[in-house]
Amino acid sequence: MVMNNRYNPLEIEAKWQKQWERSQNFLVTHRDHRPKYYVLEMFPYPSGRIHMGHVRNYSIGDVVARLKRMQGFNVIHPMGWDAFGLPAENAAIKNRTHPAKWTYENISYMKAELRKLGYSYDWTRELATCHPGYYKWEQLFFLRFMEKGLVYRKKAPVNWCPECLTVLANEQVEAGVCWRCDSVVEKKELAQWFLRITSYAEELLECLDSLSHGWPERVIAMQKNWIGKSTGMEIDFQVEGLNRKIRVFTTRHDTLFGATFMSLAPEHELVQELIKDSPDREGIIGFIDNVTRMDRISRTSENLEKEGCFTGKYCLNPVNGERMPIFIANFVLVEYGTGAVMAVPAHDQRDLEFARKYDLPVKVVVQPEDISLQADMETAYSGAGTMVNSGQFDGMFSENFKEAIADYLEHEGLGKRTVNFRLRDWNISRQRFWGAPIPIIYCEKCGPVPVPEKDLPVILPQDARMPEDGRSPLPELESFLNVSCPVCGGVGRRETDTMDTFVESSWYFARFTDARNDNQPFDKEAARYWLPVDQYIGGIEHAILHLLYSRFFVKALRDLGYLDIDEPFSNLLTQGMVLKDGAKMSKSKGNVVDPDEMINKFGADTVRLFCLFASPPEKDLEWSDSAIEGAFRFLNRLWRLVMELLPELRPTGPCAVLDQDFLSEGEKSLRTKEHESIQKITRDMIDKFQFNTAIAGAMELVNAIYQSKDELGDSPNRCEVLSSAISSVLTVLSPITPHVCEELWTRLGYDYPLSQSSWPRHDDRALLRDEVLVVIQVNGRLRSKMSVPADISREELRRLALNDEKTLKHIQGGDIIKTVIIPQKLVNIVVKNR
RNA sequence: GCGAGAGUGGCGGAAUUGGCAGACGCACUGGACUUAGGAUCCAGCGGGAUAACCGUGGGGGUUCGACUCCCCCCUCUCGCACCA
């Protein structure tokens, strides 16, 4: 048969994929004596086709899964579909069909693509988040969250994407534009459902420390930044002539004596009352309108000139009673702190600019040591120093004064120490159809009422027709809307908003532990055994969004008694992007490389090999058509090597036990290379996930075998040494290129599959060489090399080095000051010229 | 501005963490085998008059010895950014 001679990837790949499926090798249960290992890749949105980014992501994950299996772990490696989302609705409108149809068709196509790549998934755990059997439990969690006070409904100005026709959470607005479609986000006043993620702000921040070993530093930094904890005080300022107080949040209460005016956000709740009888009311309202109409990008731009207008009212500084004019300022944000800022122009640059513009007083209260600050300063001083102009506190160090004034204000009831977070509650209402319905019924009498647990799931109607204009059909779908109130039996109407799709991805990793459970979200025992995820792999784009939401969900589910872990993902690998011609692949740029095409041309093993070899996992990978041919060439080379030697090879196993003393020089040298390679590859693969260098190591070993097979001639242990080395190559490459390795392994005569073999262990004794190459330097410069017995004494090595011909040339005419000797490595002779 | 990361041949990338800079691969050059080669094999491949020497973004320093450690500077990528 032809296939006996030539490497035919498509044929052997189909064969082994069938074989693995039949043997059910990758199916696991939690009733197992082995230690568990949970490896998970971020599940895909079923957009239609797998792209190279997926291939890279899932290839890395599959290597980890196969590797850990070979190391003796009970490995769970599931795959599923993040199946709710807007593209399905758009496609449904276009094709005049239901989003479910498009979604399930995509899933089945993409699943076939994944199968062709030979990934070792436990497909019995497959899930699609759009299936009622999945989102039923999500709706249950919503009810549980509600009971716990973790869900509330609030009318608030929210982020509205005019393109997606729905609201967005704060995390989903990036620099003022929609994360999905880049439209400029607008503000809209709507009643929405919120998850109280802020209750966990402190813990979400603190636990980041426990992740510092397993997570990339920059992801941790981004999350810290997003949570944005700052410690300070809330202080009340009495409004003059009005029975009102303005509460500010400040981290610089040490500068309180220097506060000379007050700045309010234009949206601040007191503004309308303050300007009620102002003679310039019209002008002020005009100013407010101008500011609030601005989009978020320009409003929060640092270049925006600081502007404001005087309300005509004053408030009183609580510590010195000074009158402070109250301004409305364009740079004060209503959503941060209390929406009001005590302005201390001497010690805050923004306040200083504002004060100069409106000719407001500047009062220095913190005096630095080196220079003497004057009120006519050009830049504000924000450091520490000695208190001045601060009454009886003058002379204190500002950092100490901070505590003193805090005590004083708390004692007088004028303020209190607080912690402020940048993190806001998570708005999960979406005005979309293709999402999990929020299980709420609005009753005319009882108000919003939770759907009783026994009525779950609230199923997304199958008969919905998508309106052409892109809106959700739910608000007009009578069959869905009409329902009686579960409390009073009166007329009720269902909530028509669906949940943010990030809710589904916040707990899917837990559902994987028991994906077919019809009675509960997952069995507690199964979850306890499998969770947390030991290795999570995905793109950096979810550094905040998905990873923060999932962390919150796990903590909330823990407190509800469902889970007993604190964090979902112990280790996180953020893989780099796949680029072509230096840019991210995209249809518009026309630089897309289709995985299917590559698999058909070279086979899955080559595609996998290239993805792992071209670059370390965290770095971006530049696609190269000629480099993937190189990967294909290597597999052909490996194939030919085994085919050529096949008649004389035996299934000795990798790192076969051989008595060193009976080996010839050449045999010993190949054996040493084999064991060195195993050592290096093990270190690279297992300890560092550096598959690119591991593959390089395997290539070196293949090169060495090619050389040895000719050099060894008919030496007595030729068969054993070659068989062992080749078995080793196949074993260590098998997580990366499983099909070709299994095929060659079988042809070698093994009667058990590689996928059920153990990872090889090198023998330290095999690493010992009789002769080692030692480098000779003179004054740190390489001058000569020589091969010496490995156990040579230092003195003997020194003597040999000093008598080396090439070395002597560079020593002549100088005095030898000293020699540095690193055994088995180098000799450095330090010479000083006479 | 703040935070994280990077800078090494023509290219992707290595370097046991202070000890032969450029592993492995791509591209390229020469040769062999060939009707043919875009298959395969062998050899070469940082620069340089193939000699000295110079070379890991630049400049200093520590050291017998620095891609690696310390100080200063430059460039690039990503994230956050009027956060009170």
Side-chain angles (χ1 to χ4, degrees), chain A residues 174-175 216-226 228-230 232 248-253 255 259 263 265 299-306 329-333 335-344 347-351 353-354 382 420-422 540-541 543-544 576-577 609-610 613-616 618-631 633-634 636-637 640 676 679-680 683-684 690 692-703 706 710 773-785 817-822 824-832:
Chain A
E174 292 164 357
E217 221 178 318
R218 64 172 171 151
V219 175
I220 291 180
M222 283 163 78
Q223 293 218 353
K224 273 193 181 153
N225 201 336
W226 186 262
K229 178 181 178 176
S230 52
V248 303
F249 172 74
T250 180
T251 54
R252 291 300 307 273
H253 35 281
T255 62
S263 307
R299 171 107 181 249
T300 56
S301 148
E302 212 166 348
N303 304 328
L304 181 71
E305 191 175 343
K306 283 154 196 51
N330 63 349
F331 63 89
V332 180
L333 308 170
E335 62 265 26
Y336 187 80
T338 59
V341 182
M342 69 174 205
V344 187
H347 305 292
D348 182 289
Q349 189 58 28
R350 291 158 303 178
D351 294 343
E353 284 170 36
F354 198 87
S382 58
N420 192 59
F421 290 95
R422 212 184 77 119
I540 185 77
E541 65 273 17
I544 303 212
M577 289 188 299
L609 179 66
F610 173 75
F613 180 58
S615 162
E618 320 77 43
K619 284 183 73 172
D620 287 349
L621 181 153
E622 174 71 28
W623 186 267
S624 155
D625 289 328
S626 53
I628 191 172
E629 286 187 42
R633 211 149 43 216
F634 170 71
N636 274 286
R637 192 166 144 80
R640 283 197 309 273
E676 277 174 353
Q679 186 185 40
K680 176 202 161 53
R683 199 168 43 222
D684 288 354
Q690 273 189 21
N692 57 329
T693 51
I695 293 165
M699 287 171 165
E700 276 190 57
L701 181 53
V702 168
N703 291 343
Y706 259 98
D710 297 333
L773 194 68
V774 168
V775 165
I776 305 176
Q777 299 181 332
V778 177
N779 290 337
R781 307 170 98 114
L782 176 69
R783 293 305 182 193
S784 181
K785 296 176 189 180
I817 299 194
K818 71 169 172 177
T819 48
V820 180
I821 295 174
I822 312 290
Q824 314 220 358
K825 277 252 167 75
L826 103 169
V827 177
N828 187 14
I829 302 160
V830 186
V831 174
K832 194 175 176 187

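Keep in mind that the numbers below use all heavy atoms, side chains included, and drop hydrogens, waters and symmetry copies. In what follows, chains are A, B, ... by sequence order, proteins preceding strands, each numbered from 1.
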*Asks:* Are A/Arg637 and A/Tyr706 in a cation-pi contact, defined as NZ or CZ under 6.0 Å from the six-membered ring centre and within 45° of the axis?
*Replies:* yes
*Asks:* Can you check B/U17 for me, syn or anti if syn means within 90° of 0?
*Replies:* syn
*Asks:* So, A/Arg252 side chain and A/Ser382 main chain: donor-acceptor pair closer than 3.5 Å or not?
*Replies:* yes
*Asks:* Does the side chain of A/Arg783 reach to within under 4.5 Å of the side chain of A/Ile829, using non-hydrogen atoms?
*Replies:* no
*Asks:* Return the 5'-most residue of the pair A/Ser615, A/Ala221 with respect to RNA chain B, ranking by each residue's nearest nucleotide.
*Replies:* A/Ala221
*Asks:* Would you indicate what A/Gln690 reaches in the nucleic acid, counting non-hydrogen atoms under 4.0 angstrom: base, sugar-phosphate, or nothing?
*Replies:* sugar-phosphate
*Asks:* Base, sugar-phosphate or nothing for A/Gly337? Non-hydrogen atoms, less than 4.0 Å.
*Replies:* nothing
*Asks:* Taking B/C67 as the reference, what is the distance to B/G55 when you measure between their P atoms (whole Å, please)?
*Replies:* 10 Å
*Asks:* Could you grab the distance from atom CG of A/Leu826 to atom CG of A/Asn828, nearest 0.5 Å is fine?
*Replies:* 6.0 Å
*Asks:* For A/Val830, answer base if it contacts any base atom (sugar-phosphate contacts may also be present), sugar-phosphate if it contacts only those atoms, and nothing otherwise; contact means non-hydrogen atoms under 4.0 Å.
*Replies:* sugar-phosphate
*Asks:* Applying a 4.0 Å non-hydrogen cut-off, can you work out what A/Asn703 is touching in the nucleic acid: base, sugar-phosphate, or nothing?
*Replies:* sugar-phosphate
*Asks:* With P as the reference atom in both, quote the distance from B/G44 to B/G38 in angstrom, rounded to an integer.
*Replies:* 22 Å
*Asks:* Is the backbone N or O of A/Gln690 less than 3.5 Å from a side-chain atom of A/Asp684, with the two atoms forming a donor-acceptor pair by type?
*Replies:* no
*Asks:* Taking any heavy-atom pair under 4.0 Å as a contact, classify A/Asn692: base, sugar-phosphate, or nothing.
*Replies:* sugar-phosphate
*Asks:* Mind telling me whether B/U63 is syn or anti, cutoff 90° either side of 0?
*Replies:* anti
*Asks:* Can you confirm whether A/Val830 sits close enough to A/Asn779 that some side-chain heavy atom of one is under 4.5 Å from a side-chain heavy atom of the other?
*Replies:* yes
*Asks:* Output the pairing pattern of RNA chain B as a dot-bracket string, 5' first, Watson-Crick or G-U wobble with both distances under 3.5 Å, | for cross-strand pairs, [ ] for crossing pairs.
*Replies:* (((((((..(((......[....))).(((((.......))))).((.....))..(((((..]....))))))))))))....
*Asks:* Would you indicate what A/Lys306 reaches in the nucleic acid, counting non-hydrogen atoms under 4.0 angstrom: base, sugar-phosphate, or nothing?
*Replies:* base
*Asks:* Given the C1' atoms of B/G30 and B/C24, what is the spacing between them in whole Å?
*Replies:* 23 Å
*Asks:* Syn or anti for B/G58, taking syn as within 90° of 0?
*Replies:* anti
*Asks:* Taking the P atom of each, how far is B/G9 from B/G57, in whole Å?
*Replies:* 8 Å
*Asks:* Is a side-chain donor or acceptor of A/Asp620 paired with a backbone partner of A/Met577 at a separation under 3.5 angstrom?
*Replies:* yes
*Asks:* Tell me which of A/Gln777 and A/Gly228 sits closer to the 5' end of RNA chain B, going by the nucleotide each one is nearest to.
*Replies:* A/Gln777
*Asks:* At under 4.0 Å between heavy atoms, what does A/Phe613 touch on the DNA or RNA strands: base, sugar-phosphate, or nothing?
*Replies:* base
*Asks:* When the P atoms of B/A23 and B/G10 are compared, how many Å lie between them, rounded to an integer?
*Replies:* 14 Å
*Asks:* Could you tell me whether A/Val248 contacts a base, only the sugar-phosphate backbone, or nothing, with contacts defined as non-hydrogen atoms closer than 4.0 Å?
*Replies:* nothing
*Asks:* Give one of base, sugar-phosphate or nothing for A/Asp620, where a contact means two heavy atoms less than 4.0 Å apart.
*Replies:* sugar-phosphate
*Asks:* First and last nucleotide of RNA chain B touching chain A, 5' to 3', heavy-atom cut-off 4.0 Å?
*Replies:* B/G3 to B/A84
*Asks:* Heavy atoms under 4.0 Å, any strand shown: does A/Pro216 hit a base, just sugar-phosphate, or nothing?
*Replies:* nothing
*Asks:* Can you tell me how far C1' in B/G12 sits from the matching atom in B/C20, rounded to whole Å?
*Replies:* 23 Å
*Asks:* Base, sugar-phosphate, or nothing: which does A/Lys680 touch, judged by heavy atoms less than 4.0 Å apart?
*Replies:* nothing
*Asks:* How long is the gap from CE on A/Met699 to CG on A/Leu609, to the nearest 0.5 Å?
*Replies:* 5.5 Å
*Asks:* Work out how far the P atom of B/G1 is from that of B/A14, and round it to whole angstrom.
*Replies:* 31 Å
*Asks:* When the P atoms of B/C54 and B/A39 are considered, how many whole Å apart are they?
*Replies:* 41 Å
*Asks:* Using a 4.0 Å heavy-atom cut-off across all strands, classify A/Glu700 as base, sugar-phosphate, or nothing.
*Replies:* sugar-phosphate
*Asks:* Could you tell me whether a side-chain N or O of A/Asn420 sits under 3.5 Å from a main-chain N or O of A/Thr338, the two making a donor and an acceptor?
*Replies:* no
*Asks:* Identify, with sequence neighbours excluded, every residue that meets ring pair (Phe, Tyr, Trp, His ring centres under 6.0 Å) alongside A/Trp623.
*Replies:* A/Phe610
*Asks:* Can you measure from NE2 (A/His347) to OG1 (A/Thr255) and round to the nearest 0.5 angstrom?
*Replies:* 6.5 Å
*Asks:* How is A/Ser624 classified with respect to the nucleic acid when contacts are heavy atoms under 4.0 Å: base, sugar-phosphate, or nothing?
*Replies:* nothing
